[in-house]
Amino acid sequence: MTRLNFEILHWYEINKRNLPWRNTKNPYFVWLSEIILQQTRVDQGLPYYEKFIAQYPTIFDLAKASEKNILKDWQGLGYYSRARNLHYTAKKIVQSYHGIFPSTFDEILLLKGIGRYTAAAIASFCFDEQIAVLDGNVYRLLSRIFDIDLPVNVSKNQVEFEKIANEFLDKTNPGNFNQAMMEFGALQCKPVSPNCSSCPLRIYCLSYKNETVAFRPVKLKKQKIRKRFFIYWVLEKDGNVLLRRRLENDIWKMLYEFPSSEFPNQKEQENFVSRFLQFPQKTFKHILSHQHITATFIAIEDVSGFSFPDSDWIASESISDFPMHRLMTRYLEQRNH
DNA sequence: AATGCGGGGGT
DNA sequence: ACCCCAGCATT
């Protein structure tokens, strides 16, 4: 145990948040929490975790649920493939493992929806395996402590970071140390304006010494944002509304929405919309990490002789039974006012 | 090795 | 406008 390890563990004992998945070694609970927390802040994921634990107390409950209901409970959290893989893996563990969660990194890694981070987290938290987790917090913390200028988002460098992380790992209690590393990154060694002035690692931190804290971790380029232009048809007839499910390999796969059309650019969308000014319209700008969507909802009451393939009439009052994406719920919230 | 996948919060 | 978040699957 180095002085650095000790300082991190000491800081953790004093500053750690009391989170429900920290009070258990049940791999089902830990797995569920880790899937929810992938690319998701604790504050955002916590209510979903509580809901899933209440709704599906065991992996058997999750396995026998319908994908539709699981997606419904996941609604609003994003990255919906997480929910589909969660369901797939629950069924897999019940059918092939008699409901017993595999207990080693190598076995856990084979499960769908579980990569190197999540496998290491479950193996170390639940089964005390000596393997370091490597998430955004740990990349940042290691980059700063050792002033590493290797880009963290280049897969070749992942091997090097894993080597460093596993050497750094406190082998006496790997699960606790892994959580301490992530908590330290999340609360103390924050991405922007880290709290160096009160940092117990300051005297050991090479990037602090070299005044490169603000430039660590190094990341290569940024992804380009795609702009998209949608029309949504809100078609109603006899208290029913037309709904369809997105089956394409695209955003919001398997979620429900109104029938839609897409346009290649803003001009074509505006030209089209302008032909329907006699109907109520509402336009939303919806921001995803990787796409900026402009969507115009056109409401036509009592349509007749209008039909869309691959869509179905749904009773208006039961629309909330269907898992939908955030753009849909934004429209529905606005419409109810 | 590079790209796509949500939504919320921060600066 | 840009970054970040308890990453992963696909190509």
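Below, each value reflects all heavy atoms present in this structure, side chains not excepted, and no hydrogens, waters or symmetry copies. First the proteins, then the strands, lettered A, B, ... as listed; each starts at 1.
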Exercise. Which letters describe nucleotides 2-11 of chain B, given B = protein heavy atom under 4.0 Å from base, S = only from sugar-phosphate, - = neither?
Worked result: -S-BBBBB--

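With A:Leu235 as the partner, the side chain to side chain contact (heavy atoms under 4.5 Å, CB included) test is satisfied by one option alone out of A:Leu243, A:Leu242, A:Ile298, A:Val241: A:Leu242. Only one option out of A:Tyr28, A:Phe29, A:Trp31, A:Phe127 pairs with A:Phe101 in a ring pair (Phe, Tyr, Trp, His ring centres under 6.0 Å); it is A:Trp31. The ring pair (Phe, Tyr, Trp, His ring centres under 6.0 Å) test with A:Tyr232 singles out one residue from A:Tyr256, A:Phe297, A:Phe284, A:Phe308, and that residue is A:Phe297.
Using a 4.0 Å cut-off between charged side-chain N and carboxylate O, A:Arg244 and A:Glu257 make a salt bridge. With salt bridges taken as basic N to acidic carboxylate O contacts below 4.0 Å, none links A:Asp147 and A:Arg144. Using a 4.0 Å cut-off between charged side-chain N and carboxylate O, A:Arg326 and A:Glu333 make a salt bridge.
Using a 4.0 Å cutoff on non-hydrogen atoms, no part of residues 159-170 of chain A comes near DNA chain B. At a non-hydrogen distance threshold of 4.0 Å, nothing from residues 112-141 of chain A comes into contact with DNA chain B.
Under a 3.5 Å cut-off, the side chain of A:Arg82 and the backbone N or O of A:Ile35 do form a donor-acceptor pair. Here the side chain of A:Arg140 pairs a donor or acceptor atom with the backbone of A:Gly185 at under 3.5 angstrom. Side chain of A:Asn153 to main chain of A:Lys219: no donor-acceptor pair is present (N/O by atom type, distance under 3.5 Å, no hydrogens or angles).
Nucleotides C:dT11 and B:dG6 place their P atoms 15 Å apart, quoted to the nearest Å. A distance of about 15 Å separates the P atoms of B:dT3 and C:dC3, rounded to the whole Å. Using P as the reference atom, C:dA6 and B:dC5 are 23 Å apart when rounded to the nearest Å.
Within the 4.0 angstrom heavy-atom criterion, base atoms lie near A:Trp21. When heavy atoms are screened at a 4.0 angstrom cut-off, A:Arg22 is found touching base atoms of the nucleic acid.
Between A:Phe263 and A:Phe272, the distance separating the two ring centers is shorter than 6.0 angstrom. Taking the centre of each ring, A:Phe276 and A:Trp233 come in below the 6.0 Å mark.
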May I have the list of side-chain donor-acceptor pairs in residues 314-324 of chain A shorter than 3.5 Å, sequence neighbours left out?
residue: A:Ser316; atom: OG; partner: A:Gly239; partner atom: O; Å: 2.9
residue: A:Ser318; atom: OG; partner: A:Ala315; partner atom: O; Å: 2.9

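At a cut-off of 3.5 Å, with distance as the only test, no side-chain donor of A:Asn271 or A:Ser274 sits close to an acceptor on the other residue.
C:dA6 atom C1' lies 5 Å from atom CG of A:Leu37, rounded to whole Å. The interatomic distance linking A:Lys190 (NZ) with C:dC5 (P) rounds to 13 Å, in whole Å. The distance between atom CG of A:Leu86 and atom P of C:dA6, rounded to the nearest whole Å, is 19 Å. As rounded to whole Å, 12 Å separates atom C1' of B:dA1 from atom CD of A:Gln158. If you measure from atom CG of A:Leu46 to atom P of C:dA6, you get 13 Å, rounded to the nearest angstrom.
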Exercise. Reading DNA chain B 5' to 3', what string of ( ), [ ], | and . shows its pairs, if Watson-Crick and G-U wobble pairs count only when both distances fall under 3.5 Å?
Worked result: |||||.|||||

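By the ring pair (Phe, Tyr, Trp, His ring centres under 6.0 Å) test, A:Phe168 pairs with A:Phe146, A:Phe177, sequence neighbours left out.
Taking for each of A:Glu34 and A:Leu109 the nucleotide of DNA chain C with the nearest heavy atom, the 5'-most of the two is the partner of A:Glu34.
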